[in-house]
Amino acid sequence: MSWGTELWDQFDSLDKHTQWGIDFLERYAKFVKERIEIEQNYAKQLRNLVKKYCPKRSSKDEEPRFTSCIAFFNILNELNDYAGQREVVAEEMAHRVYGELMRYAHDLKTERKMHLQEGRKAQQYLDMCWKQMDNSKKKFERECREAEKAQQSYERLDNDTNATKADVEKAKQQLNLRTHMADENKNEYAAQLQNFNGEQHKHFYVVIPQIYKQLQEMDERRTIKLSECYRGFADSERKVIPIISKCLEGMILAAKSVDERRDSQMVVDSFKSGFEPPGDFPFEDFSQHIYRTVSDGTISASKQESGKVDAKTTVGKAKGKLWLFGKKPKVRVIKFLCANNLF
């Protein structure tokens, strides 16, 4: 299959096709450029996101201690590395794909222009040869008509009895001149026709096939270049997959490092006061003063004495205690504790 033999009369169609090929290549280059911008913006937004949620460690007291927090910050670090790999993808595409496409498109335009100019020059030369041949043909045709007129004039005078010998001789000379000129133009026309036929054969079987072959090779190289750039586009992504996988594995390991029991123990260690929970409140019998009124005085007095506690001793003991809520209990509470032997 060859453009030179199959498409010998389709110069304008090949002109349009090769232009379309370059336009398509540049369209794909524009697509790659926009993809690069997406990758760059994506990486930038990821870095900003990591920066926004990373802790600002001004002191060691603010450092994360819970495993869930540490895991989240490890994930942020892995995400920052992931953003770096997106930048690598953008750089690889810009250098290996987009830059190569733009350079190749420029070279392709130059080469296409050169081949088309050669084709136009070849066509112009063939048109010039045809014009020369056509002019010689028309001149030969015109001289033949003049020779025919001269012959008719000579025959008319030669058959005219009233014509003088001089007129007949003059008509004969004119006929010989026109016949000679017709013969010369005939030879010129034959030479131009032979030359044109030779140039036309050379044009359609040598020159044009060679030019079209070059156009075909150029277009096939363009197709191959697109295939290579498609592959490079995918390779730019595939090259960073191992590192991206490590980033994702790091995130998974961070997730596995979360220990809810450890975090719960840290909550206990952080907020435990060391105090024991308060005991049960005893029953308070407010009816004792009634019994003291109606009962024997000695018995009441003995009960009262047995129930007395040295206030100074009680207060002294109370001073040495560490109260749960940081304040001393009220006097009523002290009396209650003394009455129930809780000191």
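For clarity, every value in this text was computed on a predicted model and none was experimentally measured.
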Got a donor-acceptor contact below 3.5 angstrom from the Asp219 side chain to the Leu215 backbone? no
Pairs involving residues 119-134, ordered by first then second residue, that meet salt bridge (Lys or Arg N to Asp or Glu O under 4.0 Å) (sequence neighbours left out): Asp15-Arg120, Asp134-Lys138
Would you tell me whether Asp269 and Gln265 have side-chain atoms, one donor and one acceptor, within less than 3.5 Å of each other? yes
Taking ring-ring contact (aromatic ring centres under 6.0 Å, His included) as the test, write out the residues that go with Tyr205, two or more places apart. His201
Side-chain polar contacts of residues 244-261 - donor-acceptor pairs under 3.5 angstrom, sequence neighbours left out - could you list them?
| residue | atom | partner | partner atom | Å |
| --- | --- | --- | --- | --- |
| Ser245 | OG | Ile241 | O | 2.8 |
| Ser257 | OG | Ala254 | O | 2.6 |
| Asp259 | OD1 | Arg261 | N | 3.1 |
| Asp259 | OD1 | Arg262 | N | 3.3 |

List the residues meeting side-chain hydrogen bond (donor to acceptor under 3.5 Å, both in side chains) with Gln214, not counting sequence neighbours, and say none if there are none. His115
Is it true that Lys139 and Glu188 make a salt bridge, defined as a side-chain N closer than 4.0 Å to a carboxylate O? no
Please check if any side-chain donor atom of Asp263 sits under 3.5 Å from a side-chain acceptor atom of Thr67, or the reverse. yes
Partner residues of Lys186 under the side-chain contact (heavy atoms from CB on, under 4.5 Å) criterion, sequence neighbours left out: Phe140
Let's go through Trp3 and Lys213 carefully: what are the C-alpha distance in whole Å and the side-chain angles of both, what is the deciding distance for side chain to side chain contact (heavy atoms under 4.5 Å, CB included) to 0.1 Å, and is it a yes or a no? CA-CA 6 Å; Trp3 288 7; Lys213 180 183 178 183; over 6 Å; no
Closest non-hydrogen contact found for Leu126 with Phe204 is CD2-CE1, 4.0 Å
Apply side-chain contact (heavy atoms from CB on, under 4.5 Å) to Asn41 and list each qualifying residue two or more places apart in sequence or on a separate chain. none
For the side chain of Ser153 and the backbone of Lys149, is there at least one donor-acceptor N/O pair under 3.5 Å apart? no
Atom pairs and distances, side-chain donor-acceptor, residues 168-176, under 3.5 Å, sequence neighbours left out:
| residue | atom | partner | partner atom | Å |
| --- | --- | --- | --- | --- |
| Asn176 | ND2 | Lys172 | O | 3.3 |

Could you pull out all residues at least two apart from Trp20 that satisfy side-chain contact (heavy atoms from CB on, under 4.5 Å)? His17, Phe24, Arg222
Scan for ring pair (Phe, Tyr, Trp, His ring centres under 6.0 Å) pairs involving residues 231-259, sequence neighbours excluded, and state none if there are none. Phe31-Phe233
Checking Ser227 now: which residues fulfil side-chain contact (heavy atoms from CB on, under 4.5 Å) with it, not counting sequence neighbours? Arg231
Judged by modelled atom types alone, do Glu148 and Gln152 share a side-chain donor-acceptor pair under 3.5 Å? no
Indicate every side-chain donor-acceptor pair of residues 81-91 with a distance under 3.5 Å to a residue at least two apart or in another chain.
| residue | atom | partner | partner atom | Å |
| --- | --- | --- | --- | --- |
| Arg86 | NE | Glu39 | OE1 | 2.9 |
| Arg86 | NH1 | Glu237 | OE2 | 3.1 |
| Arg86 | NH2 | Glu39 | OE1 | 3.2 |
| Arg86 | NH2 | Glu39 | OE2 | 2.9 |
| Arg86 | NH2 | Glu237 | OE1 | 3.2 |
| Arg86 | NH2 | Glu237 | OE2 | 2.9 |
| Glu87 | OE1 | Arg47 | NH2 | 3.2 |
| Glu87 | OE2 | Arg47 | NE | 3.1 |

With sequence neighbours excluded, what pairs up with Arg145 under the side-chain hydrogen bond (donor to acceptor under 3.5 Å, both in side chains) test? Glu141
